[in-house]
Number of protein chains: 2
Amino acid sequence: MDSKDRQILRALQQDGRMANLELAERVSLSPSPCLRRLRNLEASGAIRGFHADVDRAAYGLPILAFVQIRLERHSDEIVRQFEARISTLAEVLECYMLTGGTDYFLKVVVSGLDAYEDFIRHRIHTIGGIGSIDTSFVYGTVKRSGVFPRID
Amino acid sequence: MDSKDRQILRALQQDGRMANLELAERVSLSPSPCLRRLRNLEASGAIRGFHADVDRAAYGLPILAFVQIRLERHSDEIVRQFEARISTLAEVLECYMLTGGTDYFLKVVVSGLDAYEDFIRHRIHTIGGIGSIDTSFVYGTVKRSGVFPRID
DNA sequence: ATAGATATTGGCATTAAATGCCGGTACTGG
DNA sequence: CCAGTACCGGCATTTAATGCCAATATCTAT
């Protein structure tokens with residue numbers, strides 16, 4: 001992982017479908033070594049994958065919510081069950097464990113507030129062992145770059 | 001935007017570099033109309049782009065923090081300045097406006113806790129007009145799918 | 001400083017995929 | 001029932017990815 005690898009990673013964070021020929025020119029390499037570096041970055045796990053960035057609203061899921069959840073207790077059984085159930089929920093795009101006041105942080109998409117009510121009542125509350133739920137809805141985006149800073 | 005378009009979108013959320021031949025087979029189309037649909041989805045904005053999913057730690061930024069920020073006041077001037085400055089910060093990968101107790105929600109990557117201190121002291125506090133900052137560090141990932149649920 | 005060893009590069013031939021065009025087919029509205 | 005529209009599939013062409021080889025740069029130990 002040298003400066004050139006990180007250049008490649010940043011370029012592909014901006015445009016993950018960039019042709020190898022263009023990528024090679026951008027990082028000042030010829031196509032062959034550039035492609036080899038890319039394949040190595042994939043094989044080593046530095047690149048976990050490539051994903052399309054899809055417009056929520058165009059797809060039909062205009063509501064984006066961040067949900068902070070605390071468990072009642074942190075027994076193995078409750079934690080295990082919570083994480084297992086969360087993993088199966090299609091509406092949950094991401095779920096992280098956090099330091100601080102809340103245990104879990106969820107990124108959730110739904111088609112409307114009625115669907116959100118249904119999600120909380122039937123998908124979340126039925127898990128059991130949940131202490132508190134705090135929902136924030138996203139009503140604007142200031143920045144959405146996803147490109148790591150240079151550290152060279 | 002029909003069911004087949006959404007199938008294409010979900011497939012590319014899973015693997016954004018999937019070859020058109022494979023994508024076509026997966027959604028039961030021949031390559032030509034499949035590629036045409038893809039280009040239309042890009043042109044219409046339903047696909048905002050493609051991005052590599054890069055391992056933070058492998059790149060050299062092992063710390064991921066979620067930062068909740070409240071402004072002192074919500075005057076046009078303070079809001080405008082805050083958003084302009086946030087947009088220039090390379091450590092901030094995403095920034096959303098939220099309903100509820102906090103005004104802004106930031107996703108931040110740094111190389112260590114010393115770099116985080118530097119970020120808060122010199123990048124955030126110097127903006128001015130900030131009421132409160134609440135940081136949560138991510139110490140585990142339960143789910144990270146990014147694939148929208150079927151709504152057909 | 002130098003020689004050997006290792007890793008990385010660039011070019012080229014081959015293979016595979018994307019692209020653009022065409023005719024055919026299903027669907028819609030009058 | 002017919003005309004118009006939109007979408008599909010197949011094929012020829014262009015473009016990119018891949019794998020191999022020789023050459024160059026980098027690193028290490030003496």
Side-chain angles (χ1 to χ4, degrees), chain A residues 1-62 111 146-152, chain B residues 1-62 111 146-152:
Chain A
M1 174 69 59
D2 59 7
S3 167
K4 201 135 274 191
D5 279 333
R6 280 187 281 267
Q7 252 188 287
I8 291 174
L9 293 175
R10 285 195 304 274
L12 292 173
Q13 281 181 324
Q14 292 184 256
D15 179 3
R17 278 217 153 187
M18 187 180 296
N20 181 58
L21 298 166
E22 189 187 341
L23 179 64
E25 186 172 10
R26 190 153 158 185
V27 303
S28 305
L29 275 176
S30 70
S32 295
C34 185
L35 185 65
R36 200 158 11 192
R37 278 172 178 271
L38 169 54
R39 294 298 176 237
N40 286 341
L41 289 167
E42 290 176 316
S44 73
I47 295 178
R48 281 194 283 244
F50 294 89
H51 306 288
D53 176 11
V54 178
D55 186 283
R56 294 192 308 280
Y59 182 89
L61 296 167
S111 61
V147 180
F148 288 164
R150 267 181 297 208
I151 57 176
D152 305 323
Chain B
M1 173 70 57
D2 58 7
S3 167
K4 203 134 274 191
D5 279 333
R6 281 187 280 267
Q7 251 188 288
I8 291 174
L9 293 175
R10 287 196 302 275
L12 292 174
Q13 282 181 323
Q14 293 185 256
D15 179 3
R17 278 216 153 187
M18 188 182 295
N20 181 58
L21 298 166
E22 190 187 340
L23 179 63
E25 185 172 10
R26 192 152 156 185
V27 303
S28 304
L29 276 176
S30 70
S32 295
C34 185
L35 185 64
R36 207 161 6 199
R37 278 173 178 269
L38 169 54
R39 297 296 177 236
N40 286 341
L41 289 167
E42 291 176 316
S44 73
I47 295 178
R48 282 195 283 244
F50 295 89
H51 306 288
D53 176 11
V54 178
D55 185 284
R56 293 191 309 279
Y59 182 89
L61 296 167
S111 61
V147 181
F148 289 165
R150 268 180 299 209
I151 57 176
D152 305 322

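Sequence lines set the chain letters: A, B, ... in the order given, protein chains first and strands last, and positions in each chain run from 1. Side-chain atoms are counted along with the backbone in the values below, which use heavy atoms only and exclude waters and symmetry mates.
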Tabulated below should be each protein N or O lying under 3.5 Å from an N or O of nucleotides 23-26 of chain D; please produce it.
none

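In this structure, the side chains of A:L61 and B:P149 come closer than 4.5 Å at one or more pairs of heavy atoms. Proximity of B:L41 to B:L12: side-chain heavy atoms (C-beta onward) are nowhere separated by under 4.5 Å. The closest side-chain heavy-atom distance from B:R10 to A:Y59 is below 4.5 Å. Taking the side chain as every heavy atom from C-beta outward, A:F50 and B:M18 never approach each other to under 4.5 Å.
Nucleic acid contact class of B:R37 (heavy atoms, under 4.0 Å, all strands): sugar-phosphate only. Within the nucleic acid shown, A:R36 comes within 4.0 Å of at least one base atom, counting heavy atoms only.
Nearest approach of A:D152 to A:S3, heavy atoms of both residues: OD2-OG, 3.3 Å.
Read 5' to 3', the first and last nucleotides of DNA chain C with an atom closer than 4.0 Å to a heavy atom of chain B are C:dA17 to C:dG20.
Of the possible polar contacts, one joining the B:R17 side chain to the A:G16 backbone as a donor-acceptor pair under 3.5 Å is found.
Counting only residues at least two apart or in different chains, salt bridge (charged side-chain N to carboxylate O under 4.0 Å, His left out) contacts with residues 28-41 of chain B comprise B:D2-B:R37, B:D5-B:R37, B:R39-B:E42.
Neither OP1 nor OP2 of D:dG19 sits under 4.0 Å from any side-chain N or O of A:R39.
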